[in-house]
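Working notes, structure below.
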There are 2 protein chains.
Amino acid sequence: MKNDSTLKEAGLKVTHPRVKILELFQSNPHSHLSADDIHNSLIKKDENIGLATIYRVLTQLEEVGLIQKNHFDDNSSSYEIKKQHHDHLICNVCGKIIEFTDDDLEELQEKISKRHNFVLDTHVMTLFGTCTNGECNSNKKD
Amino acid sequence: MKNDSTLKEAGLKVTHPRVKILELFQSNPHSHLSADDIHNSLIKKDENIGLATIYRVLTQLEEVGLIQKNHFDDNSSSYEIKKQHHDHLICNVCGKIIEFTDDDLEELQEKISKRHNFVLDTHVMTLFGTCTNGECNSNKKD
DNA sequence: TTCCTTGCAAACGTTTTGCATCGGT
DNA sequence: ACCGATGCAAAACGTTTGCAAGGAA
């Protein structure tokens with residue numbers, strides 16, 4: 001219900017696929033989902049929404065700034081619900097993705113850009129490593 | 001000729017496609033080339049090397065650490081000859097790619113990783129902006 | 001009723017693979 | 001001679017598009 005107004009405010013018609021996809025992101029705010037992940041999740045919920053529609057909706061949701069597209073690897077893109085700006089730490093072993101922010105980092109990026117006569121627009125920073133928490137055994141992805 | 005030993009030392013047979021591809025990178029050390037870029041460059045030089053071979057060679061050269069794969073956008077991957085570690089600044093207007101290193105940045109990444117109980121392996125940091133040098137008019141890519 | 005949206009299937013561009021042939025060592 | 005490397009064509013993969021039917025305003 002809340003999503004109805006979110007979509008309207010964004011200038012998008014309230015349609016079943018859009019609502020369902022938005023709900024999926026909101027029910028798991030830290031998830032990073034590919035189009036295929038979303039497709040499968042929806043099928044499990046007996047929501048038969050075509051993959052093409054999912055791609056179209058994801059593009060639109062990104063255009064209006066409700067979600068954010070990432071390409072952590074070259075196989076496929078993933079999307080997450082748009083929150084404050086952040087970067088990512090990805091565990092090479094268990095696939096866990098941690099979101100973080102760091103003010104020093106933001107500052108440093110500005111400094112580097114200026115040094116090279118660039119006006120900074122956006123940036124991507126992804127750290128790959130191994131998480132040393134107990135959880136890093138299973139192969140679950142977030 | 002020099003590439004013959006480079007390849008041998010890496011444990012790869014010295015074959016025509018491998019030598020030619022390696023030469024291409026060395027003749028332009030700051031280039032960031034896709035498989036297709038390489039294919040076209042070689043065709044211009046009357047080197048008819050199959051695209052499949054180029055992909056195979058690129059994968060092997062990356063495996064032995066002679067080149068590095070980047071995925072700046074989600075259309076295709078690009079490769080560059082492996083140099084000291086560096087990050088990238090990309091101009092959204094003219095496509096120019098600047099390579100840079102920053103010790104503070106490296107330090108900061110270690111700090112962030114530790115804070116989240118990660119053992120850092122690698123990272124990707126790409127800044128997107130607009131370059132304010134005079135050159136940023138043409139549409140040439142590096 | 002009017003467009004926008006959807007589903008399906010077909011098209012797309014990039015990358016990978018199967019297979020027969022070729023070529024370093 | 002051996003086994004890996006190559007070329008070609010076909011397949012695979014994620015993603016996009018054309019089109020006719022359906023649905024929100």
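Side chains included, hydrogens not; waters and symmetry mates left out as well; all remaining heavy atoms used. In the text below, chain A, chain B and the rest are named by the order of the sequence lines, each starting its count at 1. Keep in mind the model is a prediction, meaning the values are calculated, not measured.
Contact footprint of chain B on DNA chain C: nucleotides with an atom under 4.0 Å from a non-hydrogen protein atom, first to last in 5' to 3' order, C:dT14 to C:dT25.
Residues B:E99 and B:H32 bring a donor and an acceptor atom of their side chains to less than 3.5 Å of each other.
Each end of the helix from C:dT1-D:dA25 to C:dT25-D:dA1 gets its own rotation axis from five pairs of C1' atoms, and the angle between them is 30° to the nearest 10 degrees.
Side-chain heavy-atom separations under 4.5 angstrom define the hydrophobic clusters, and the remaining members of the one that includes A:F100 are A:L89, A:I98, A:L105, A:L108, A:I112, A:F118, A:L120, A:M125, A:L127, B:L89, B:I98, B:F100, B:L105, B:L108, B:I112, B:F118, B:L120, B:M125, B:L127.
Listed by chain and number, the residues in a salt bridge (charged side-chain N to carboxylate O under 4.0 Å, His left out) with A:D74 are B:K69 (sequence neighbours excluded). Residues passing the side chain to side chain donor-acceptor pair (under 3.5 Å) test with B:E63, sequence neighbours excluded: none. In this structure B:H39 satisfies the side chain to side chain donor-acceptor pair (under 3.5 Å) test with no other residue, sequence neighbours excluded. A search for ring-ring contact (aromatic ring centres under 6.0 Å, His included) contacts involving B:H86 returns B:H88, not counting sequence neighbours. Looking at residues two or more places apart in sequence or on another chain, you find a side chain to side chain donor-acceptor pair (under 3.5 Å) between A:D121 and B:N92. The side chain to side chain donor-acceptor pair (under 3.5 Å) check on B:S34 picks up B:D37, with sequence neighbours excluded.
Going from atom CG of B:L12 over to atom P of D:dC3 covers 19 Å, rounded to whole Å.
Using a 4.0 Å heavy-atom distance criterion, A:N48 is classed as a sugar-phosphate-only contact.
Listed by first and then second residue, the side-chain hydrogen bond (donor to acceptor under 3.5 Å, both in side chains) pairs that reach into residues 8-24 of chain A are A:H16-A:E47, A:R18-A:Q60, A:K20-A:E23, sequence neighbours excluded. Among residue pairs with one or both ends in residues 101-111 of chain B, those qualifying as side-chain hydrogen bond (donor to acceptor under 3.5 Å, both in side chains) are A:R115-B:D102, B:H85-B:E106, B:Q109-B:H123; sequence neighbours excluded.
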Inset, instruction - Going 5' to 3' through nucleotides 15-24 of chain D, assign each nucleotide B (protein heavy atom under 4.0 Å from a base atom), S (under 4.0 Å only from sugar-phosphate atoms) or - (no protein heavy atom that close). - result: BBBB----BB
